[in-house]
Amino acid sequence: MRTCLSLILYLLLLGNCFAQSPGLPFSKYYSTNDYQGGIQNFSFTQNDLGLIYVANNFGLLEYDGSTWRRYTLPNSTKIRDVAIDDSGTIFVAGQAQFGYFRPNESGKLSYFSLLEKLPEEKQNLEEIWRILFIQDKIVFCTFDEIFIFNKNLELAHILDLEGDFESFHIANNNLLVNQNEKGLLYLENDQLAAWEKGDFFKDMLVVGFISLTKNQHLVFTRNEGIFSFSPSKTEPWRANIPVDIQINTVHQLKNGNIAIGSQRNGLFILSPEGEILLEMNKENGLRNNSILSLFEDVSGNLWVGHNNGITLLELSLPFRLIDQFSGLPGTGYDAYFKENQLIYGTNYGLFSETWNGKSTKGVSSVSGGIGQVYQISEIQNFLLSAQNDGAFQIQNGSVKAIDGPPGIWNFQPLKDHPNLVLAGSYSGFLLFEIENGSIRFLRKLKGFEESSRLFEQDSNGDIWMAHGYKGIYRLRLNSSLDSLEFKFYGTESGLPTTLLNSVWKLNNQLVFSTQYGLYRHNPESDRLELDPNFQPYFDYDFSATSMAEDPLGNIFYLGEKEVGVLERQINGSYTKNNQIFNKIKPFLNDDLQNISLIRPNEVLFAANEGFIWYKLDRNYSAPQAFPTLIRSVYLTGIADSLIWEGKYIAEKENSIQKIPNIPYHRANLRFEASNPIPNNENTTQYQFWLEGLEDGFGEWTTKRDKAFTNLREGNYTFHVRSKDIYSQIGEEDQFEFKVLPPWYRSPLAYVIYTILGIIALALAFRYLDRRMKKAAAKIKAAQSKVIQQKESDLKDSQREIERLKTEKLRSEILIKNKELASTTMHLINKNGFIDQTKTQLMNITKKSKNQEVKDEIKKIINSIEKNIAGDKDWEQFEMHFDEVHGDFMNRFKTKFPDLSPQEIKLSAYLRMNLSSKEIANLMNISVRGVEIARYRLRKKIHLERSDNLQEFILKF
């Protein structure tokens with residue numbers, strides 16, 4: 001069993017490698033208006049980032065997957081060849097000029113000539129035709145000389161030969177030269193040596209050289225054909241191409257096939273055995289039959305350089321277009337494969353193509369097969385076509401109408417009735433009968449009038465019909481097979497909605513597709529429920545518009561959001577494959593989508609223009625994801641200014657990008673990005689993020705540019721990444737830049753602001769200081785005034801206090817004076833009394849006769865005299881008097897030292913403001929005596945007559 005399976009897989013793979021597929025590869029034509037260059041395209045190459053470069057007669061063309069750019073040589077001459085080394089340097093060769101392009105700091109490609117490194121006598125060149133990398137050398141080829149440079153771009157050697165060179169090739173990593181007189185030559189020890197038996201090709205123009213093995217080669221000549229060349233023999237190579245073909249260029253593809261570009265016959269792709277796998281010319285897909293160059297990029301796409309324009313062929317895709325360029329007009333609806341015949345049904349009618357798996361004879365119309373076709377099916381060897389005009393039978397390359405009503409969607413054999421055919425029509429169901437080798441219309445079934453485009457029969461023979469906007473119907477034929485009874489299933493029966501429902505037979509079970517997943521019928525509850533078998537593979541809102549199961553159990557499907565295939569595994573599970581089908585989604589029929597099974601693993605998708613052929617290849621893998629590239633950065637405004645022109649060389653780890661400074665008034669930027677995936681301008685998606693302004697990447701969008709306006713000053717990093725149709729996210733690209741602050745927020749401005757601020761602060765401080773000083777002065781003045789007022793009040797208070805004290809002192813003095821006066825009066829009274837008593841006693845002694853009495857009286861008199869001896873009493877008086885009158889006695893004695901004690905006493909008594917009578921009593925003199933004493937005192941103190949003695953003494 002394993003051996004059989006291995007053999008089958010081997011045969012399938014072998015057929016896939018060498019069989020010709022129906023239809024043509026996806027392609028894209030670029031006119032001179034598209035790439036803004038000349039008509040001739042001599043050579044192609046591709047760098048590590050995926051950018052395509054073309055040697056054009058107007059200069060060097062560059063394609064980034066979205067747009068074209070053109071770079072010219074200093075003399076604006078043609079570029080004959082272009083090649084890129086492992087460092088990313090782009091070498092070019094053309095008319096009288098050769099050199100290389102390298103990007104400058106702003107990303108712009110700049111040209112550097114190598115012409116001046118040649119000896120002066122060699123610098124007058126005509127054409128440099130080829131650039132070849134041989135080991136670590138760079139070889140520039142002309143028809144007269146070959147210049148060999150080392151990796152440091154220094155001229156190492158010049159090869160010259162009598163006669164002209166015709167063409168240049170690489171064989172076994174060595175230089176192979178075609179010379180008219182000598183044939184094939186190769187490089188050996190810096191000299192050209194004859195290739196063994198290479199002289200066979202003298203007088204021939206060799207345009208291609210392919211090594212099949214070390215000693216087995218294919219040599220392609222321009223006019224003499226193709227030869228198998230080896231050391232043992234040289235013979236014509238059998239290839240199914242026109243004998244008179246004029247070959248311009250040859251390229252061996254990575255899968256071993258050989259692409260041939262001709263002068264008049266277009267393109268041929270041959271197997272290594274010489275079988276034609278693909279033939280394209282102006283009649284079936286090419287815009288121009290003249291091909292000058294061929295190139296296969298890293299994704300397996302073939303670039304075709306015409307004498308007028310460029311064609312891209314996506315050979316690596318497992319899809320082929322069968323459309324008007326293949327001879328099939330109209331929109332595809334259904335197809336069927338039978339006995340090496342592919343029958344196509346379009347809105348134009350029926351067409352057929354003979355296809356034996358290796359070759360095809362082209363598409364032709366089926367005689368009589370006109371009108372809108374919906375389905376092609378085979379029932380009991382009858383090939384039936386359901387059409388708008390009714391039922392038709394395809395037989396012997398022609399179409400015959402079957403009697404019956406028009407408007408038929410499809411056919412199915414009626415279960416348990418092998419001779420009956422059930423047909424869904426615009427208004428219910430029809431029944432056809434197969435009898436005596438023919439098919440005829442039998443009757444229209446009664447009881448059901450709905451349009452019945454999609455229906456299937458279950459194991460019980462019940463007919464399940466899905467209506468596009470009403471729901472699901474289950475119908476049963478009566479025993480007489482002339483009428484139908486039905487039951488309706490809507491939302492109350494488990495359907496999530498009655499819109500866009502379909503029915504399919506998968507794994508011999510009925511599956512109902514809805515807007516919200518795939519459902520099945522539960523006979524126990526008689527309800528529709530989600531089918532758990534498909535839940536792991538589809539989102540909850542998956543809505544299938546067409547599903548088909550091939551004989552190997554693979555389920556192909558079309559949906560509103562995705563297209564793909566569930567690949568059946570040995571254990572009964574599935575592997576989902578859907579990313580690659582994103583390529584064909586824009587081309588699918590958007591009216592009635594359909595998948596037509598051709599053979600195991602092989603289907604046709606109905607397209608807006610014809611069909612899309614697909615063969616499931618488990619060895620197919622998506623092409624490598626290209627990095628995202630920032631292609632241009634503009635400062636936008638009235639006139640956009642380009643400041644960055646893209647990245648051309650893969651950045652190294654230590655590479656440093658110069659960060660541009662953007663003036664604040666021009667901080668409006670627009671970024672243009674691209675991904676070098678060719679022919680995907682409308683399907684590649686991008687995400688943008690301006691770090692410094694945004695938090696992260698935004699939503700995916702097919703727009704490849706992003707603009708930002710009125711950015712504030714600061715450091716920014718622009719990020720962009722892309723996603724291809726396989727959902728592969730390409731490596732992101734970044735662009736750092738700095739927005740300078742406006743002049744009024746620049747560092748110099750801030751220095752000026754700081755200085756001005758300091759000056760302003762100083763002035764403000766000075767102003768405030770003055771103001772504060774004024775305020776302080778005012779406050780101080782007010783305080784002084786208050787203080788003065790307080791001091792004045794205090795002085796007044798002090799004066800009042802002094803006055804009060806004075807008054808108090810005066811009062812005290814008055815009191816003391818009164819006390820002193822009282823004491824003096826007492827003293828006066830005492831002295832008077834004593835003196836009177838003394839006088840009386842003395843009188844008694846004079847009168848008394850008694851001596852004893854006299855003696856006793858004398859003792860008393862002596863005692864009295866001692867008591868009134870005034871010195872002690874006066875001293876005591878004087879002390880008290882000075883305490884009251886401020887040391888008056890001492891001051892007065894000092895002032896007037898000539899005064900007698902009696903005059904001092906008089907002064908004291910006058911100070912005490914005593915009357916003359918009181919003074920007389922104190923001084924023990926008469927009043928007259930007081931007056932005399934006053935007079936004398938005035939004389940001694942020298943008072944004028946007008947002066948009052950008592951006032952003078954009081955003021956002293």
With distance as the sole test, does Ser316 use its side chain to make a donor-acceptor pair with the main-chain N or O of Ser299 at under 3.5 Å?
yes
What's the shortest heavy-atom distance between Asn288 and Asn307, and which atoms?
ND2-C, 4.4 Å
Does a side chain donor of either Asp144 or Thr142 reach within less than 3.5 Å of an acceptor in the other side chain?
no
Just by modelled atom types, is the Leu49 backbone N or O under 3.5 Å from a matching donor or acceptor in the Asn47 side chain?
yes
Pairs meeting criterion salt bridge (Lys or Arg N to Asp or Glu O under 4.0 Å) with involvement of residues 292-301, two or more places apart
none
Is it the case that the side chains of Ser211 and His217 hold a donor-acceptor pair, with the cut-off being a distance below 3.5 Å and no angle test?
yes
Check the pair Tyr53, Leu61 against side chain to side chain contact (heavy atoms under 4.5 Å, CB included), reporting the backbone distance first and the verdict last.
CA-CA 5 Å; Tyr53 293 91; Leu61 304 180; over 6 Å; no
Applying side chain to side chain contact (heavy atoms under 4.5 Å, CB included), run through Thr249 and Leu292 and close with a yes or a no.
CA-CA 6 Å; Thr249 183; Leu292 301 180; over 6 Å; no
Trp129-Phe168 aromatic ring centre distance below 6.0 Å:
no
Within the side chain of Gln46, is there an N or O that forms a donor-acceptor pair under 3.5 Å with the backbone of Val298?
yes
Side chain to side chain contact (heavy atoms under 4.5 Å, CB included), that's the test. Do Asn257 and Leu277 meet it? Break it down for me.
CA-CA 9 Å; Asn257 295 333; Leu277 302 179; 3.4 Å; yes
Does the side chain to side chain contact (heavy atoms under 4.5 Å, CB included) test come out yes or no for Phe718 and Leu669, once each step is laid out?
CA-CA 10 Å; Phe718 177 73; Leu669 286 87; over 6 Å; no
If only side-chain N and O atoms count, and only distance matters, is there a donor-acceptor pair under 3.5 Å linking Glu181 with Gln179?
yes
Contacts of Lys28 that satisfy salt bridge (charged side-chain N to carboxylate O under 4.0 Å, His left out) - sequence neighbours left out
Glu681
Which pairs count as salt bridge (Lys or Arg N to Asp or Glu O under 4.0 Å) when at least one residue sits in residues 186-215, sequence neighbours excluded?
none
For Ser228 and Gln216, which I'm curious about, is there any donor-acceptor pair between the side chains at under 3.5 Å?
yes
Answer with yes or no after comparing the ring centroid distance for Tyr63 and Trp68 against a 6.0 Å cut-off, counting only values under it.
yes
Sub-6.0 Å ring centroid separation between Phe112 and Tyr100:
yes
Decide whether Asn215 and Thr213 meet the rule of one side-chain donor and one side-chain acceptor closer than 3.5 Å.
no
Quick one: closest heavy-atom pair of Ser106 and Trp644, and the distance?
O-CE3, 3.1 Å
Return yes if some donor-acceptor pair links the side-chain N/O of Asn289 with the main-chain N/O of Asn265 below 3.5 Å, else return no.
no
For Glu732 and Gln734, test the side chains for any donor-to-acceptor distance below 3.5 angstrom and give the result as yes or no.
yes
Looking at Phe209 versus Trp195, is the centre-to-centre ring distance below 6.0 Å?
yes
What do you reckon, are the aromatic ring centroids of Phe200 and Phe227 less than 6.0 Å apart?
yes
Proximity of Tyr716 and Phe708 rings by center, below 6.0 Å:
no
His719 side chain vs Trp689 backbone, donor-acceptor pair below 3.5 Å:
no
Between the side chain of Ser167 and the main-chain N/O of Val206, is any donor-acceptor distance below 3.5 Å?
yes
Applied to residues 57-85, the salt bridge (Lys or Arg N to Asp or Glu O under 4.0 Å) test, sequence neighbours excluded, yields Glu62-Arg631, Asp64-Arg631, Arg80-Glu127, Asp81-Arg130
Side-chain H-bond candidate by donor/acceptor type, Ser722 with Asn675, under 3.5 Å:
yes
Are the aromatic ring centres of Phe140 and Phe149 under 6.0 angstrom apart?
yes
Is a side-chain N or O of Tyr186 found less than 3.5 angstrom from the main chain of Leu192, in a donor-acceptor match?
no
Shortest non-hydrogen separation from Ser674 to Ser66 and the atoms involved:
OG-OG, 3.0 Å
Ring-plane angle category for Phe688 and Tyr686, please: parallel below 30°, perpendicular beyond 60°, tilted otherwise.
parallel
Does a donor on one side chain and an acceptor on the other come within less than 3.5 Å for Asn248 and Gln263?
yes
So which atom in Pro660 and which in Phe735 form the shortest heavy-atom distance, rounded to 0.1 Å?
CG-CZ, 3.6 Å
Looking at Gly637, is its backbone amide N or carbonyl O close enough to the side chain of Tyr634 to form a donor-acceptor pair, meaning the two atoms are under 3.5 Å apart?
no
For a quick test of reading the model, state the closest non-hydrogen atom pair linking Leu125 to Ala96 and the distance between them.
O-CB, 3.4 Å
Are the side chain of Thr72 and the backbone N or O of Ser76 linked by a donor-acceptor pair below 3.5 Å?
no
Which atoms form the tightest heavy-atom contact between Met204 and Asn180, and what is the distance?
N-OD1, 4.3 Å
Among residues two or more places apart or on two chains, list those pairs meeting salt bridge (Lys or Arg N to Asp or Glu O under 4.0 Å) that have a residue in residues 715-731.
none
Ignoring hydrogens and angles, state whether a donor on the side chain of Glu314 or Asn679 is under 3.5 Å from an acceptor on the partner side chain.
yes
Closer than 3.5 angstrom, by distance alone: can the side chain of Asp34 be matched with the main-chain N or O of Thr32 as a donor-acceptor pair?
no
Please list, chain by chain and in numerical order, all residues satisfying ring-ring contact (aromatic ring centres under 6.0 Å, His included) with Tyr29, sequence neighbours excluded.
none
Basic-acidic side-chain contact under 4.0 Å: Arg670, Glu672:
yes
